[in-house]
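Below, all heavy atoms of this structure are taken into account, side chains as well, without hydrogens, waters or symmetry copies.
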Amino acid sequence: MTSTSFQRTLTLPATLCEQAAHHLEQAARRTVDGAGIPLKAFRAAADSDYTLPVSVVEQAAGCLLVLATETAQTVRPSALRTTIGVALCLRDAVQAVHRPALTTRFW
């Protein structure tokens, strides 16, 4: 049985990176565990054509979901939806990288 190697980086749209950086700044201010590393990476993403390590994107998604949970009772519903939406976009991008490519060959 062979194993498929997964991509180690992914390229995200600039707007998604900018939104994620904004929300990660809020997470860092609220001292959400682990928000510092993805915040630095997303701030520097423009220098690398918005290419980020998959593990950092996954960590950012988790931090944003924690932020959403912690602020659910204190922020406007639209702000909460935006935070959750960015987190889910990041999570979906990570999951897309981990899905094996479909082949037309038969087993």
Original post:
Within a reach of under 6.0 Å around CD1 of I84, are more than 12 heavy atoms found that belong to other residues, nucleotides or ligands?
Top reply: yes
How long is the gap from [atom1] on [X] to [atom2] on [Y], to the nearest 0.5 Å?
| X | Y | atom1 | atom2 | answer |
| --- | --- | --- | --- | --- |
| H23 | L65 | NE2 | CG | 11.5 Å |
| H22 | Q26 | NE2 | CD | 4.0 Å |
| L64 | T69 | CG | OG1 | 10.5 Å |
| L24 | Q59 | CG | CD | 9.0 Å |

**OP:** I would like to know whether E18 and Y50 meet side-chain contact (heavy atoms from CB on, under 4.5 Å); could you show each step before the answer?
**Re:** CA-CA 10 Å; E18 291 164 4; Y50 303 101; 4.0 Å; yes
Heavy-atom pair with the smallest gap, counting every atom of [X] and [Y]:
| X | Y | answer |
| --- | --- | --- |
| A87 | A61 | O-CB, 3.6 Å |
| A60 | F42 | CB-CE1, 3.6 Å |
| A21 | L39 | O-CD1, 3.6 Å |
| L90 | A20 | CD1-CB, 4.1 Å |
| A41 | L52 | O-CD2, 3.5 Å |
| V94 | E58 | CG2-N, 3.7 Å |

Give a yes or no on whether [X] and [Y] share a hydrophobic cluster (residues Ile, Leu, Val, Met, Phe, Trp, Tyr; joining criterion: side-chain heavy atoms under 4.5 Å apart).
| X | Y | result |
| --- | --- | --- |
| V57 | L16 | yes |
| L88 | V66 | no |
| L80 | V86 | no |

